[in-house]
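Values in this document were obtained by computation on a predicted structure and should not be read as measured data. When a residue number appears, it is its place in the shown sequence, counting from 1.
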Amino acid sequence: MKEKTQDIVVVGAGIIGITAALRLQATGRSVLVLDRDDGTPRASEMNAGAFAFADIEPLATPGIMKKAPKWLLDPLGPLSVPPRYALNTAPWLLRFWRASRPDRYRSSVKAQADLMQMARKALEALIGETATEHLFRREGQLQLYEGEREYRASLPSWDLRRAHGIDFELLETSEAIAAFQPGIDARFTHAGFTPDWINSCDPALWLKNLKETFLSRGGRMESAEVDSLSLSETSAGLSGPKIEICAGQIIICAGAWSHRIAATIGDRFPLETERGYNTTLGAGAFDLKTHLTFPGHGLVVTRIGDGIRVGGAVELGGLSLPPDYRRAQTLLGKAKQFLPALKCDGGRQWMGFRPSLPDSLPVIDRSPRDRRVIYAFGHGHLGLTQSAGTAELVTHLVEDTVPPIDLKPFSACRF
């Protein structure tokens, strides 16, 4: 299919792409969204629904590589690499180790905190502008620790939050924890509660609402696979098996597939795929009062609609390996231990792809090859959280205006 030159084409209809398209549309631009819709639920629809603005610490923390070998050797642990994929991910792990050095870690924390603060304001504005407060829960989050030692080890991360103005309350007794969430196993003796944590009632409904709003305001969406970009002095183009389009601006928000598209014009990114697993249980599975995070186990438990979603962990496994649903079952088994009253029957398992860069920061920048191509991908497990802020930054890039935060940490050239 050939078309005349479009004003702006957004590649990817996940939460980053749709939020960016809606924000660009609000500036008066004509926007076409293309998406390789294969009918399978995407990460933007099946995540934990959390806007984790309090999570400013990158995965690559100083000393992380001392823990990594133990984790990597456990195929069902919180961080794993399938043996047949180990060689593929080795270069990424090397960059991950470099990103954990103290100076780079501090820079990543500052950049993450700046983006989180901006994203929070942008989300609140978007909720107000679309009259969608009913699609959100403001019930806070409990981060739970298994004993004094694990709790003490977490205190520097809480000090970090305090330094960046994040509100929280530390709980040091089981009774204090039970006041926020009854029914947690007594092994969890300490916790931190972040009251300003926000959850989507259902991320699939939030994405659906944004798409409908975009279309109702004159936006266009088409199902098409984009596999390459092309550049000339007079045009920037994209193409796929059934499509060929020229555009004034092209925004690449294709998640875990973004680096493949970028590579067709010579832009190389060390993008890896965090394969996330979860199980969604039906109504009545557990009386959950607040979002629960068990950081020592890479596990979260959250409300989705009337049900409960249990998920988490990181598997660096690329885009081609078949899912290993033992991971979802392991997470569910742990949740049952931690929440003895949890009813685990009849759950729906899922695995999805989260695009991750070694320093835990996304790329939000123009292509070094051509200013008409803009990248917005690599948010890892924070895509939902940072979507509204990313949309604001993409709009500043398109409009060539000064953004409210420094974009250097998100540079396409930093690798």
Side-chain angles (χ1 to χ4, degrees), residues 14-15 38-50 52 55 59 67-68 70-86 88-89 92-93 141 143-144 199-200 202-204 207 255-257 271-282 285-286 288 291-305 307-339 342-356 360 378-385:
I15 192 63
D38 58 5
T40 59
R42 66 183 78 216
S44 292
E45 299 166 302
M46 295 297 294
N47 60 69
D55 287 359
L59 186 59
K67 303 175 184 177
K70 177 183 176 182
W71 290 344
L72 295 174
L73 290 172
D74 180 359
L76 301 179
L79 172 63
S80 72
V81 178
R84 55 182 156 164
Y85 194 73
N88 300 69
T89 200
W92 188 94
L93 286 172
Q141 177 225 197
Q143 197 150 313
L144 293 140
N199 279 75
S200 165
D202 186 333
L207 181 64
W257 290 265
L271 190 72
E272 188 50 86
T273 305
E274 291 183 30
R275 292 149 54 100
Y277 292 82
N278 65 45
T279 303
T280 304
L281 305 169
F286 187 77
L288 194 66
H291 181 105
L292 302 180
T293 301
F294 300 87
H297 298 271
L299 172 68
V300 301
V301 181
T302 186
R303 282 206 288 161
I304 300 294
I308 298 293
R309 183 163 290 165
V310 176
V314 173
E315 179 187 65
L316 302 176
L319 294 166
S320 301
L321 293 182
D324 181 358
Y325 284 115
R326 294 178 303 164
R327 295 183 64 76
Q329 195 59 43
T330 296
L331 291 168
L332 189 61
K334 285 185 175 182
K336 177 63 176 175
Q337 294 175 37
F338 303 160
L339 307 170
L342 180 69
K343 299 174 183 176
C344 297
D345 297 334
R348 177 192 177 193
Q349 294 180 331
W350 172 85
M351 186 277 286
F353 304 118
R354 300 174 295 198
S356 182
S360 300
H379 297 74
H381 57 279
L382 294 172
L384 180 67
T385 302

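Residues Glu315 and Pro82 form a side-chain contact, since some pair of their non-hydrogen atoms from C-beta on lies under 4.5 Å apart. Residues Gln141 and Leu292 have side chains not in contact (no heavy-atom distance under 4.5 Å, counting atoms from C-beta outward). Contact check for Trp92 versus Ser356: side-chain heavy atoms found under the 4.5 Å cut-off. Residues Tyr277 and Tyr325 form a side-chain contact, since some pair of their non-hydrogen atoms from C-beta on lies under 4.5 Å apart. Using a 4.5 Å heavy-atom threshold, the side chains of Arg327 and Met351 count as separate. Two residues are said to be in side-chain contact when any heavy atoms from C-beta on lie closer than 4.5 Å; Phe353 and Arg275 meet this criterion. Side-chain contact between Leu382 and Ser360 is absent, with no heavy-atom pair separated by less than 4.5 Å. Between Asp55 and Thr385 the shortest side-chain heavy-atom distance does not fall below 4.5 Å.
In this structure, Phe286 CZ and Ile308 CD1 are separated by 7.5 Å, a value rounded to the nearest 0.5 Å. Here the CD1 atom belonging to Ile15 is positioned 5.0 Å from the CG atom belonging to Leu207, to the nearest 0.5 angstrom. Residue Ser200 holds its OG atom at 11.5 Å from CD of Glu45, rounded to the nearest 0.5 Å. Here NZ of Lys334 is found 5.5 Å from NE2 of His297. Values are rounded to the nearest 0.5 Å. Interatomic distance, CG of Asp202 versus CE of Met46, reported as 8.5 Å (0.5 Å rounding).
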Could you go through the salt bridge (charged side-chain N to carboxylate O under 4.0 Å, His left out) check for Asp324 and Arg326 one step at a time?
CA-CA 5 Å; Asp324 181 358; Arg326 294 178 303 164; 2.9 Å; yes

After noting the C-alpha distance and the side-chain angles of Leu144 and Thr293, does the key distance pass the side-chain contact (heavy atoms from CB on, under 4.5 Å) rule?
CA-CA 6 Å; Leu144 293 140; Thr293 301; over 6 Å; no

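For Lys336 (side chain) and Lys343 (main-chain N/O), no donor-acceptor pair under 3.5 Å exists by modelled atom type. Judged purely by atom type and a 3.5 angstrom limit, Asn278 has no side-chain atom pairing as donor or acceptor with the backbone of Gly312. Of the possible donor and acceptor atoms, none in the side chain of Arg42 sits under 3.5 Å from a partner among the backbone N and O of Gly352.
When only modelled atom types and interatomic distance are considered, Thr280 and Arg348 share no side-chain donor-acceptor pair under 3.5 Å. Judged by distance alone, the side chains of Glu272 and Tyr85 do bring a donor and an acceptor atom under 3.5 Å apart.
Scanning for side-chain hydrogen bond (donor to acceptor under 3.5 Å, both in side chains) contacts around Gln143 gives Tyr145, with sequence neighbours left out. Val314 pairs by the side chain to side chain contact (heavy atoms under 4.5 Å, CB included) definition with Leu79, Glu274, Leu316, Arg354, not counting sequence neighbours. The salt bridge (charged side-chain N to carboxylate O under 4.0 Å, His left out) search around Arg303 returns Glu139, not counting sequence neighbours. Residues that satisfy the side chain to side chain contact (heavy atoms under 4.5 Å, CB included) test with Ala48, not counting sequence neighbours, are His291, Val300, Thr302. Applying the side-chain hydrogen bond (donor to acceptor under 3.5 Å, both in side chains) criterion to His381, with sequence neighbours excluded, gives no partner residue. Partners of Thr279 according to the side chain to side chain contact (heavy atoms under 4.5 Å, CB included) rule, which considers only residues two or more places apart in sequence or in another chain, are Leu281, Ala328, Leu332, Gln349.
Looking at every heavy atom in both residues, Thr273 comes nearest to Ala256 through OG1-CB, 4.0 Å. Across all their heavy atoms, Val301 and Leu288 have their closest contact at O-CD2, 3.7 Å. Of all heavy-atom pairs between Ala335 and Leu342, the closest is CB-CD2, 3.7 Å. The nearest pair of heavy atoms linking Pro203 to Ser44 is CB-O, 3.5 Å.
Phe294 and Phe338 have tilted rings, their planes meeting at an angle from 30° to 60° on a 0 to 90° scale.
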